[in-house]
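Atom set for the values below is all heavy atoms of this structure, side chains included, hydrogens, waters and symmetry mates excluded. Atoms within each ligand, like the ligands themselves, are counted from 1 in listed order. Quantities reported herein were computed from a predicted structural model and do not represent experimental measurements.
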Amino acid sequence: MPATCVIGLQWGDEAKGKLVDLLAPNYDVVVRYQGGANAGHTVVTGKEVYKLHHVPSGILSSQIQNVICPGVVIEPNMLIQELSGLESRGIHPRRNLMISERAHVVMPWHMIEDRAINKTVVSGESIGTTNRGIGPCYRDKVGRTHAIRMADLVSPQLSSRISEIVHAKRSLLAPLASPEDIAQLDAEKITSLCRGWAEALGSMICDTTYFLHDQLDEGKKLLMEGAQGSLLDIDHGTFPFVTSSNSSGVGVSSGSGIPPSSIDRMIGVAKAYSTRVGGGPFPTELLDETGNKIREIGREYGTTTGRPRRCGWFDAVAVRYTARLSGANYLSLMMLDVLSHFDELKVCVAYELDGQRIDRLPSQADTLRRCKPIYETLPGWNQDVTKVRSIEDFPSNARKYMDRISELVSIPLGVLSVGPDREQTIFLM
Ligand code: GDP
Ligand code: IMO
Ligand code: MG
């Protein structure tokens with residue numbers, strides 16, 4: 001079993017962090033390979049709650065090596081804060097964390113640009129990014145000329161490189177950003193900031209690609225931790241209301257540098273309902289009391305930004321699509337406890353578009369916005385499931401609900417989650 005991947009099948013926040021933390025002891029290495037500080041992965045261990053943004057969710061176990069790969073974009077200030085937050089709680093992430101020298105750095109101009117253009121209306125709505133500089137950093141990575149990678153932080157050419165980029169960025173951003181923000185773009189200050197980052201992180205920066213190849217050669221097991229969800233994938237999600245990386249299963253290999261042939265298990269993670277943060281079409285969204293009830297019971301507020309998450313019923317059309325896209329072998333169905341308080345539950349089995357029934361996710365956001373969900377109604381179970389520890393102990397209506405979802409998305413159930421804690425988990429795989 002060389003590499004297992006944990007992939008979100010919805011719009012993020014499917015509880016990937018919980019699952020990765022739980023699976024991690026069966027692996028030698030936990031790997032983050034795309035996204036950046038836009039991610040917020042929660043791990044709950046009894047009374048302790050950890051919110052991880054860059055650091056892989058295997059970090060709580062000192063035996064496991066954790067790796068941040070080339071496909072990740074790193075905001076060093078936030079990473080350093082994250083590391084010291086863990087250190088203040090008795091964890092020593094510097095001992096078992098590696099950072100790729102190829103990973104790109106989210107620079108101060110990226111944060112300014114993200115804030116400046118975040119409100120821009122695109123396709124009738126603003127994307128509502130996390131303001132973590134993600135899109136602008138990936139844009140510069142693809143554009144190449146204005147990119148800074150982790151290795152550059154320790155390069156002798158750093159100062160001249162920063163001067164060149166600052167010069168260009170000041171004129172590029174002048175029409176967009178405030179004079180205060182532009183004044184922040186001072187080459188000398190930014191160079192010394194970079195030197196501080198290099199000092200704080202330098203001992204962890206290395207060639208993670210060779211490390212992972214060597215691990216595979218030695219028969220070690222890798223656990224690949226996806227960030228965001230497949231519907232936010234830059235190429236295959238609900239574009240333009242997506243993030244800037246390949247957050248579905250297709251991104252594992254490009255982001256990490258391990259070959260697709262080394263991946264042998266894909267675990268798709270989904271909530272038993274749907275949520276979305278930020279703009280974009282969301283056919284099953286509930287803008288009523290039921291949506292509010294899901295939000296309050298599920299504590300559906302963003303881990304990274306604190307924004308209320310938009311809530312709705314489970315969308316089997318969307319998850320069937322992402323399960324195929326990511327080649328999911330198992331479904332990890334989370335937050336089942338949140339649905340314990342409803343007399344009936346709805347699952348979207350198809351859409352109605354211009355009077356026609358369709359069962360495929362349209363590629364265009366505008367078309368998806370016009371789709372009306374066709375629901376199947378199932379009876380609720382109205383019974384606390386937070387103490388359930390085996391499949392047999394679920395109320396029969398809960399089993400019917402889970403089985404129906406598994407049937408609709410065509411993947412077997414692998415994990416069931418009935419609360420945030422580690423022990424509130426039932427493994428079937
Ligand atoms: P991630 O980004 O996919 O790792 O997910 P987040 O951490 O952003 O959001 C998931 C939230 O749900 C976190 O607050 C978890 O502690 C919590 N959580 C995880 N599994 C369950 C569950 O089965 N039930 C409930 N009620 N909460 C859960
Ligand atoms: P995890 O890993 C939920 C959303 C943002 C916005 C869009 C683009 O915790 O599941 P970005 O800052 O990436 O340019 O924002 O993507 N988004 C997420 N939503 N969970 C996440 O990560 C997200 N990361 C980005 O809200 O709509
Ligand atoms: Mg999250």
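If you check the side chains of Ser247 and Gln228, you find no donor sitting under 3.5 Å from an acceptor. Asp181 and Gln184 form no side-chain donor-acceptor contact under 3.5 Å, judged by distance and modelled atom types alone. For the 3.5 Å distance criterion, the side chains of Glu75 and His53 fail to qualify, holding no donor opposite an acceptor. Using a 3.5 Å distance cut-off with no hydrogens or angles, the side chains of Arg309 and Thr303 do pair a donor with an acceptor. Remark: the Ser123 side chain and the Asp366 side chain contain an N/O donor-acceptor pair separated by less than 3.5 Å.
Each of Gln424, Lys18, Glu14, Lys271 was compared with Ser417 under the side-chain hydrogen bond (donor to acceptor under 3.5 Å, both in side chains) criterion, and only Lys18 meets it.
A salt bridge is absent between Asp152 and Arg149; no separation between the charged side-chain nitrogens and carboxylate oxygens falls under 4.0 Å. Using a 4.0 Å cut-off between charged nitrogen and carboxylate oxygen, Lys169 and Asp140 count as a salt-bridge pair. Residues Asp207 and Arg102 are paired through a salt bridge, judged by an N-O separation under 4.0 Å between the basic side chain and the carboxylate.
Protein-derived N/O/S atoms nearer than 2.8 Å to the Mg ion (ligand 3) total 2, waters excluded.
Protein residues lining ligand 2, listed by chain and number: Trp11, Gly12, Asp13, Lys16, Asn38, Ala39, Gly40, His41, Ile127, Gly128, Thr129, Thr130, Ala227, Gln228, Leu232, Val242, Thr243, Val277, Gly278, Arg307 [non-hydrogen atoms, distance under 4.0 Å]. Ordered by chain and residue number, the residues placing a heavy atom less than 4.0 Å from ligand 1 are Asp13, Glu14, Ala15, Lys16, Gly17, Lys18, Gly40, His41, Thr42, Val44, Thr303, Arg309, Met335, Asp337, Val338, Ser417, Val418, Gly419, Pro420.
Taking the six-membered ring where tryptophan is involved, the planes of Phe342 and Trp313 are perpendicular, since the angle between them exceeds 60° and thus also 30°.
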Side-chain atoms of residues 127-138: list all donor-acceptor pairs with protein atoms under 3.5 Å, sequence neighbours left out, distances to 0.1 Å.
unit_1	atom_1	unit_2	atom_2	d
Thr129	OG1	Asp114	OD1	3.0
Thr129	OG1	Asp114	OD2	3.4
Thr129	OG1	Asn118	ND2	3.0
Thr129	OG1	Asn131	N	3.0
Asn131	OD1	Asn118	ND2	3.0
Arg132	NH1	Thr130	O	3.1
Arg132	NH2	Thr304	O	3.1
Tyr138	OH	Gly35	N	2.9
Tyr138	OH	Gly71	O	2.7

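Minimum heavy-atom separation, Trp381 to Leu336: CZ2-O, 3.4 Å.
The number of heavy-atom neighbours closer than 6.0 Å to CD of Glu376, taken from other residues, nucleotides and ligands shown, is above 12.
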